[in-house]
Number of protein chains: 2
Amino acid sequence: MTTLTDVTDSATAKGEQTRELILSTALRLFREQGYGKTTMRAIAAEAGVSVGNAYYYYSSKEHLMQAYYDHLQVLHREAVAEILADEKSFTKRLTGVLRSWLEVSEPYHEFAGTFFKTAAEPKSPLSPFSEQSRPAREASIEIFRQVVEGSDIKLPADLRAELPELLWLLQMGIVLFWVHDDSESLRRTHLLITSTVPLIDRLLRLTRIPGVRGVANDLIGVIRSIKTA
Amino acid sequence: MTTLTDVTDSATAKGEQTRELILSTALRLFREQGYGKTTMRAIAAEAGVSVGNAYYYYSSKEHLMQAYYDHLQVLHREAVAEILADEKSFTKRLTGVLRSWLEVSEPYHEFAGTFFKTAAEPKSPLSPFSEQSRPAREASIEIFRQVVEGSDIKLPADLRAELPELLWLLQMGIVLFWVHDDSESLRRTHLLITSTVPLIDRLLRLTRIPGVRGVANDLIGVIRSIKTA
DNA sequence: TCCAAGAGTTGAACGTGTTCAAAAAAGTGA
DNA sequence: TCACTTTTTTGAACACGTTCAACTCTTGGA
């Protein structure tokens, strides 16, 4: 039996090395030529391995995409750390987080459509609602939980509890918009964020009005019942 | 020059006959085995034509899907006619229209995912937001315009004007939910509709409260500015 | 009736993602 | 060192959506 470091150095190292080589090659080609125009054969050739070998590590082309998605997640989490530490205002925190996502994802905007295409399919493991992407989804929701919890906003407890998930849904909506946005410098998506966030802030504060409060409570009830049904 | 009836009987008839044969065969196979498992070769074989011939009339497998989508649109329009003529209550009209869509689309639920998969791609002509699907989209929005206009609901004029489009967006959301819904008899989607519609009704009536009215107005402003930006 | 032009039809061929049986390499215990 | 097992790697083969040059049929005018 070899030592633990030996294992990571030799045993796993060989396979992991190939795995990472294939992934990085794939991501580079995706970035350079888009998802559709990058063939598995091209990835294998560029990485200096056989097609079958690529499939030995990634069971489909989509799985290579999944890996890219996870990568973005990490970049986003790093990008928002500073904002979440410094800022207290709810609108600024939320705007900052959404903007960061835009910045991080910007290089991939061109072929993001193809990604969300497969992501829209329910059975696909790439769907943001799927079981397989639960870790990534929860990590993402966690960011919004921090947005809410570290902010100055005052809210009824039950709404506060559901809010992170709702904000994540908002982000899904913005992503959908973003994918379709072909304006220069993504002007329209930026416009959407800057005009929507303050509105959400005001909407949330409206829950203090008794008549609104009732509707809001029922809304939460509906969301809960549908989640568990 | 032949007469008009001659043209439809002979000149166009031959081609149109083949076109419809291919379409109906495709839709049947889609229904029977799902979109993914139905091959163009199978459609051609079953229809008794060559693969190339199918492509002569439908430039891709997705276009056959588009045709199915248009088909649904017509069925839906027919299905809601009665409700829209008889019913005056806003919630009942809206619920009826959404329910009808569910009924009409039910046979296709299994493979609808694959349809919305390609629909999610921005460049795809099948996207509900695309230029090519404008006619289908506007026909769909028209239904919601009738829902609003024939109802007893009292609303500020500008909100009333935007509402059909918003309700169409709501339906897109419900469709997204529906696609992911694998509960028996689509229980969860039905639950979503029955609990969401009355809530929307109450939300809309809340716009009479001054504080809410301001936010609603701004929301409309945002929607308008983003649509034109 | 015949012929040129267009409409309709064919199926082999291409490029793609993916599979799989077999070969090569690496690891394991004596 | 030697057999053996397991991990890794290979590339031909498959099924699919799609294309296209060639073919047949239909039509309308001379």
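None of these values were measured; they are calculated from a predicted model. Computed over heavy atoms, backbone and side chain alike; hydrogens, waters and symmetry mates excluded.
In this structure Glu142(A) satisfies the salt bridge (charged side-chain N to carboxylate O under 4.0 Å, His left out) test together with Arg145(A), sequence neighbours excluded. Residues meeting the side chain to side chain contact (heavy atoms under 4.5 Å, CB included) test with Tyr56(B), sequence neighbours left out: Asn53(B). Not counting sequence neighbours, the partners of Val97(B) by the side chain to side chain contact (heavy atoms under 4.5 Å, CB included) test are His76(B), Val80(B), Leu84(B), Ile143(B), Phe144(B), Val147(B). For Ala44(A), the side chain to side chain contact (heavy atoms under 4.5 Å, CB included) test picks out Val49(A), with sequence neighbours left out. Applying the salt bridge (charged side-chain N to carboxylate O under 4.0 Å, His left out) test to Arg31(B) and every residue at least two apart in sequence or in another chain returns nothing. With sequence neighbours left out, the ring pair (Phe, Tyr, Trp, His ring centres under 6.0 Å) criterion links Tyr55(B) to no other residue. By the side chain to side chain contact (heavy atoms under 4.5 Å, CB included) test, Val104(B) pairs with Leu72(B), Leu75(B), Ala79(B), sequence neighbours left out.
Per the geometry, NE2 belonging to His63(B) stands 13 Å off C1' belonging to dT18(D), to the nearest Å. Protein atom CZ of Arg19(B) is 13 Å distant from nucleotide atom P of dA7(C), rounded to whole Å. Atom pair Gln17(A):CD and dT9(D):C1' shows a separation of 15 Å (rounding to whole Å applied).
Remark: side-chain polar atoms of Arg187(A) are not paired, donor with acceptor, to backbone N or O of Asp181(A) under 3.5 angstrom. Of the possible donor and acceptor atoms, one in the side chain of Thr38(A) sits under 3.5 Å from a partner among the backbone N and O of Leu29(A). For the pair Thr196(B) (side chain) and Ile193(B) (backbone), a donor-acceptor distance under 3.5 Å is absent. Put simply, the side chain of Arg41(A) never gets that close to the backbone of Val51(A): no donor and acceptor are under 3.5 Å apart.
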Between the protein and nucleotides 22-24 of chain C, list every N/O to N/O distance that falls short of 3.5 Å.
none

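DNA chain C is contacted by Arg41(B), Val49(B), Ser50(B) of residues 38-51 of chain B, taking any non-hydrogen atom closer than 4.0 Å. Of the residues in residues 25-33 of chain B, not one comes within less than 4.0 Å of DNA chain D through any heavy atom. Residues from residues 52-62 of chain B placing a heavy atom under 4.0 Å of any atom in DNA chain C, listed by number, are Gly52(B), Asn53(B), Tyr56(B), Tyr57(B).
The two residues Asp70(B) and Ala136(B) have their closest heavy-atom pair at OD1-CB, 4.2 Å.
Taking the ring centre of Phe30(B) as origin, the terminal cationic atom of Lys61(B) falls outside the region bounded by 6.0 Å and 45° from the ring axis.
The number of heavy atoms from other shown groups lying within 6.0 Å of CD (Glu82(B)) does not exceed 12.
For dT9(D), one of the phosphate oxygens OP1 or OP2 lies less than 4.0 angstrom from a side-chain nitrogen or oxygen of Thr18(A).
In secondary-structure terms, DNA chain D builds stems of at least 3 consecutive Watson-Crick or G-U pairs, each pair having both distances under 3.5 Å, at C:1-30 with D:1-30.
Between Tyr68(A) and Tyr108(A), the ring-plane angle classifies as tilted under the 30° and 60° cut-offs.
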